[in-house]
There are 2 protein chains.
Amino acid sequence: MSRGNTGVTSQVVNAHACPVREVLDRVAGKWSVLILVAAAHGPIRFTELERSIEGISRRMLTLTLRNLERDGLVTRTVHATVPPKVEYALTPVAQELHASLLGLTDWAERHRVTIAESRAAYDARHEPGHTDV
Amino acid sequence: MSRGNTGVTSQVVNAHACPVREVLDRVAGKWSVLILVAAAHGPIRFTELERSIEGISRRMLTLTLRNLERDGLVTRTVHATVPPKVEYALTPVAQELHASLLGLTDWAERHRVTIAESRAAYDARHEPGHTDV
DNA sequence: CAGCATCCTGAGAGATACTG
DNA sequence: CAGTATCTCTCAGGATGCTG
């Protein structure tokens, strides 16, 4: 505050220091949350995940699971049977996260319509050939 | 539930239907939340934003602001003065969102250490040349 | 001051095929 | 069943330069 400004102390925000961004970097991937949701009910097998999550590829399922495992959000349990059986389960930490996400879910559902309208209006305003005002 | 399975009704999760993913698509961008945070204290000018947010480029600031405006999360007020003065402010909807994000912030701060450790351990396990077990 | 236009790079993600 | 291995492509995001 060494320089007299407008009065609002616009404090510096650092991307690396911001905790929200940390979570997002972890969860923002297209599939991460979907996996968290699908696994929230209890341990679930690879193929079950694959079928539960609409549109996910084998590759992305594997990659995302690996990342979640790395962060300690899911556990991977291999049952040495034939055929192989691998179960994925949320860790307590991930379950807490899942709970925190409910706040966002709630927000999304309360405002999804408003936002859609806002978009439509904005797009209309900026369409090629709007008469403005 | 027409097919008898393990008992866990792994319900189908659709990326387009999942409300959490909707929010994320809106907010997951590298800069969106940072702008929300920086603007949370009150109306803020373009250049103030630029300086508040460490590392953001003019281009990304503009783009992200446009998207937020499109979704009705920020308002853009142009003061017809010389030099120009443009102020961005959060809409009530965005302020609610900002509040919901506190849950995530909290989660991140409570577990950031654990997660970092988990990563380190995982990476150690998978380093080239681990003796396993 | 507050942008827009342009060029460029790389990580995320899709498609496809092969295997312990 | 539960993965790995490539190959490709899109697009978010960085760098830079120009303007009302």
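These numbers come from the heavy atoms of this one structure, side chains and all, not from hydrogens, waters or symmetry mates. Chain letters run A, B, ... following the sequence lines, proteins first, then strands; residues in each count from 1.
Put simply, CG on B:D25 is 10 Å from P on C:dA13, counting in whole angstrom units. Residue B:L49 contributes atom CG, which lies 12 Å from atom C1' of C:dA2 at whole-angstrom precision. Look at CD1 on B:I56: it is 13 Å from C1' on D:dA12, rounded to the nearest Å. C:dA11 atom C1' lies 12 Å from atom CG of A:N67, rounded to whole Å. Distance B:L24 CG to D:dA12 P: 15 Å, rounded to the nearest Å. Between the CD1 atom of A:I53 and the P atom of C:dA13 there is a distance of 13 Å, given to the nearest Å. One can place NE2 of A:H126 at 12 Å from P of C:dG3, the figure rounded to the nearest angstrom. Following rounding to the nearest Å, B:E50 (CD) and C:dC1 (P) show an atom-to-atom distance of 9 Å.
Between B:R59 and C:dC7 there is no side-chain N or O to OP1 or OP2 distance below 4.0 Å. Listed pair B:R66 / C:dC4 meets the phosphate criterion, a side-chain N or O lying under 4.0 Å from OP1 or OP2. A:S57 has no side-chain polar atom (N or O) that falls below the 4.0 Å cut-off from OP1 or OP2 of C:dA15. Proximity of A:Y88 to the phosphate of D:dG3: a side-chain N or O atom is located under 4.0 Å from OP1 or OP2. Of the side-chain N and O atoms in A:R76, one or more sit less than 4.0 angstrom from OP1 or OP2 of D:dG3.
Counting heavy atoms from C-beta outward, B:N14 and B:H16 have side chains that approach closer than 4.5 Å.
Nearest-nucleotide mapping onto DNA chain D: of A:F46 and B:L63, the residue sitting toward the 5' end is A:F46. For the pair B:T47 and A:G55, nearest-nucleotide mapping onto DNA chain C gives the more 5' position to B:T47.
A chain of hydrophobic side-chain contacts below 4.5 Å, direct or via other Ile, Leu, Val, Met, Phe, Trp or Tyr residues, connects B:V74 to B:V86.
Ion pair B:D106/B:R110 flagged as a salt bridge, since at least one NZ, NE, NH1 or NH2 atom sits closer than 4.0 Å to an Asp/Glu carboxylate oxygen.
Closest to the side chain of A:K85, out of C:dG14, D:dG13, D:dA2, is D:dA2. Comparing atom distances between the A:R45 side chain and each of D:dA2, C:dG14, C:dC4 picks out D:dA2 as nearest. The side chain of B:V86 lies closest to C:dG3, out of D:dG13, C:dG14, C:dG3. Nearest to the side chain of A:R58, among D:dG3, D:dG20, C:dG14, sits D:dG3.
Side-chain N or O atoms of A:W107 include none that pairs as donor or acceptor with a backbone N or O of B:A94 at under 3.5 Å. In this structure, the side chain of B:S52 does not engage the main chain of A:V12 through any donor-acceptor pair within 3.5 Å.
Within the nucleic acid shown, A:T62 comes within 4.0 Å of at least one base atom, counting heavy atoms only.
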